Q: 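Attaching a single structure in structure tokens format; questions to follow.
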Amino acid sequence: MSRKHLHAFIKFNFKGNFSPFLASLHSNPFSNDDRRRSKFEKVTNLDDALNLFDEMIHRQPPPSVIKFNQLLSAVTKMKHFSSTLSLFNQMCATGVRVDEYSVSSAIKCCCNLFRTKDGFALLGCCFRRRVGPNVVIFNTLLDGLVLEDRIIEAERLFKKLINHKLCEPNVVTFSTMIKGLCKFGNNDIAIGLLRLMDERGCKPDVVAYSTIIDSLCKNKMVDDAFELFKEMVFDKHILPNVITYTSLIHGLCNLGRWDEVAKMLKEMENQRISLDLQTYSILVDAFCKEGMVDKAEAVVNIMVERGECPDLVTYGSLIDGYCLRGETTKARTLFDSLTSRGLIPDVITYSSLLNGYCKSLKIEEAMLVFHEMTRKGLKPDIVAYNTMIQGFFMVGRCGDARKLFDEMRAQGNAPNECTYLIILDGLCKNQQVEEALSLFHLVGDSKLNSNIVVYNILIDGASNCGKHDIAMDLFHDVTVKGLQPDIRTYNIMISCLCVEGLLKEAKHLFLKMDESGCPPDNVTYRLLLQGYLKNKVYDDVEMLLQEMDGRSYSLDAATLSLLIDGISTGSVDRSMLKLIGRLVPKELMDTPR
DNA sequence: CGTGCCACGA
């Protein structure tokens, strides 16, 4: 404690009489520390907390600031941020002393309510009450800025802390800044900051490393993540924790690198690190997304056996898994069983079910779910609206989609990028390419219109409506704008050119892909082959098949059928049969044709 | 008594 702080401490605590101090020693039989601690642990609901506060604030002599802070902390842990703030304000209004701890709790609450601005205003309260803002308070504010995506201001505050020596940044300050950088995709700069903190004598810890490892994993750079992981463990001798492993496992799952997932789970076991709810959820989710619902169910069973209680997130993934396979009845049954498991479905859980019905084109049931969630007091959010709008488009009810879009805005939900994509796609799929194009032009020059996914939707839509010239124009736009076409763009264009019989152009684009760092995938080869065969042009067929073989690609039913037709008419040489056989996946062999 | 890292939906 600095001299200034000591002075303030004495001034506040030993001013006038000593009764509060003495009282805490012996006059109040209920105020010894053990009793009090258990009292705060018992506060598990908001009402108890508020009642206790009321009693405390009227108690004579008043309880120490620590007791108040413990209560603030308990309410904050229950995520009743507004309540904590109101308690803090009452403390200020009634003259109960507040200190760095109370202020940081209050600021954290502002930040969590996305009112970081008010958090900064509380700094003024700090100064008035001679509470010196310390590193914890600044860390909390920095985190608030990151939370609100105010990365520039976060960086400015971070630099200010250092340059103006407002406080000595600690490992939390650095890892908070690192998190902000990662959030905006600046992994390299984040790693730079990791090195910088080390140089400044602030040793990075498992949190600092895990933050970057997680970000790399989320960006599919799992191998880079493992490099950093190795550095942390072997060079810095920092032990990974369950969170570090969970991030890596998540990254591996997303890439379908199951062998390595198993390896990591084994490694955790060896390190005696137990899986937590998140780790299990990731496994459940990954299995569901791969269509292996039985494996996901097995993981849930293991959880229960091990005494873990699957939560809404876990069951939400399972609901998605059922829906993905069109098993909406099973999804609904699981959904209905949640309440008896003590879980109240939230907006996300409802949206999963909603999505299931929509994707199964059961629009009436989807609407029932949509209304049910409103009846249960849940306000549909942007994702729920987007899901339902997409559902309407999928069954061709464009008018209802439009109505819901208007209702969504009337309810105060501003359409986001995804809404835009859904509407453009919906219009295109319902033969309203012109509508889609005018909406596209209406939005004009924006981030949205520089999104390759938007172009993919429009090019695909135009092409499928037979408006190939428009498709070409749009593709030309992509190039002019300097946008990087992705694999979907190329595949859509190649398909479009083949339908038009422009095989030379299709082949040209196919060759251009590799040069542009976007190598053709399985789909590209199949599309191009189909284009050749349907147009009865056979010169490149063997070469394409050979390349596919070299890349371990495979044929699908449609392409295979065209090849067989070609062989039966003698257009495709029989000598290719062996090669074709190698390219047929087992599943296709088993299917009787 | 206060600060930072991991999971679900369009």
Side-chain angles (χ1 to χ4, degrees), chain A residues 36-37 40 64-74 76-77 84 99-109 111 134-144 146 169-180 182 205-215 217-218 240-251 253 275-286 288-289 310-321 323 346-356 358-359 380-391 416-422 425:
Chain A
R36 189 55 55 85
R37 192 178 305 134
F40 282 102
S64 74
V65 63
I66 295 179
K67 303 293 177 230
F68 279 103
N69 291 343
Q70 284 172 333
L71 189 59
L72 291 183
S73 161
T76 306
K77 280 205 180 75
T84 304
D99 64 4
E100 292 91 337
Y101 290 84
S102 348
V103 172
S104 67
S105 287
I107 292 180
K108 184 194 168 94
C109 292
C111 294
N134 58 14
V135 63
V136 176
I137 287 176
F138 284 121
N139 289 345
T140 311
L141 287 167
L142 188 66
D143 195 45
V146 170
N170 62 15
V171 61
V172 178
T173 323
F174 280 103
S175 51
T176 305
M177 195 63 237
I178 284 174
K179 178 177 70 174
C182 289
D205 61 3
V206 64
V207 178
Y209 271 98
S210 298
T211 306
I212 305 179
I213 288 173
D214 183 64
S215 174
C217 286
K218 289 204 166 91
N241 60 21
V242 59
I243 297 178
T244 326
Y245 278 110
T246 302
S247 293
L248 290 166
I249 288 173
H250 197 184
C253 283
L275 313 198
D276 67 6
L277 219 59
Q278 275 96 321
T279 330
Y280 286 114
S281 279
I282 284 164
L283 295 173
V284 170
D285 189 56
C288 284
K289 288 202 166 85
D311 63 2
L312 276 183
V313 178
T314 321
Y315 286 120
S317 292
L318 210 48
I319 288 172
D320 285 330
C323 289
D346 59 4
V347 178
I348 299 183
T349 320
Y350 266 102
S351 295
S352 289
L353 193 60
L354 190 67
N355 183 46
C358 286
K359 295 286 145 71
D381 63 4
I382 182 79
V383 179
Y385 276 107
N386 285 348
T387 308
M388 197 68 220
I389 290 171
Q390 188 176 46
N416 63 12
E417 189 165 352
C418 207
T419 319
Y420 187 67
L421 295 177
I422 285 168
D425 192 50

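What you see is a predicted model, and the numbers here were worked out from it, not measured in a lab. Throughout, protein chains are lettered first and strands after them, A, B, ... in sequence-line order, and every chain is numbered starting at 1.
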Q: Donor-acceptor pair under 3.5 Å: do we get one between A:Ser175's side chain and the base of B:dG4?
A: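 Counting by modelled atom types and ignoring angles, a donor-acceptor contact under 3.5 Å is found here.
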Q: Closer than 4.0 Å, any side-chain N/O of A:Asn355 to the OP1 or OP2 of B:dA10?
A: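 So the side chain of A:Asn355 is within the cut-off, an N or O lying under 4.0 Å from OP1 or OP2 of B:dA10.
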Q: How many whole angstroms separate atom NZ of A:Lys179 from atom C1' of B:dT3?
A: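 One finds 10 Å between C1' of B:dT3 and NZ of A:Lys179, rounded.
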Q: From the set B:dG2, B:dA10, B:dG9, return the single nucleotide nearest to any side-chain atom of A:Val347.
A: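 Among the listed nucleotides, the one closest to the side chain of A:Val347 is B:dG9.
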Q: What's the closest nucleotide to the side chain of A:Ser351 if the choices are B:dG9, B:dC1, B:dC5?
A: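 Selected nucleotide: B:dG9.
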Q: Nearest to the side chain of A:Lys218 - B:dA7, B:dC1, B:dG2?
A: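 Of all the options, the side chain of A:Lys218 is nearest to B:dA7.
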Q: Taking 4.0 Å as the cut-off, does a side-chain nitrogen or oxygen of A:Lys108 come that near to OP1 or OP2 on B:dT3?
A: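 A:Lys108 to B:dT3 OP1/OP2: side-chain N or O found under 4.0 Å.
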Q: With a 4.0 Å cutoff (strictly under), does any side-chain N or O of A:Lys77 reach OP1 or OP2 of B:dC1?
A: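 A:Lys77 to B:dC1 OP1/OP2: no side-chain N or O under 4.0 Å.
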Q: By nearest atom, which of the nucleotides B:dA10, B:dC6, B:dG2 is closest to the A:Asp276 side chain?
A: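 Output: B:dC6.
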Q: Can you tell me how far P of B:dC1 sits from CD of A:Gln70, to the nearest Å?
A: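 Rounded to whole Å, this separation is 6 Å.
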Q: Please determine, for the side chain of A:Asp311, which listed nucleotide (B:dG2, B:dA7, B:dC6) has the closest atom?
A: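 Closest of the options to the side chain of A:Asp311: B:dA7.
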Q: Could you tell me the separation between the CD1 atom of A:Ile213 and the P atom of B:dC5, rounded to a whole number of Å?
A: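 A:Ile213 atom CD1 is separated from B:dC5 atom P by 15 Å.
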Q: Are the side chains of A:Ser352 and A:Asn355 in touch, meaning some heavy atoms are under 4.5 Å apart?
A: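 Of all side-chain heavy-atom pairs linking A:Asn355 with A:Ser352, none is under 4.5 Å.
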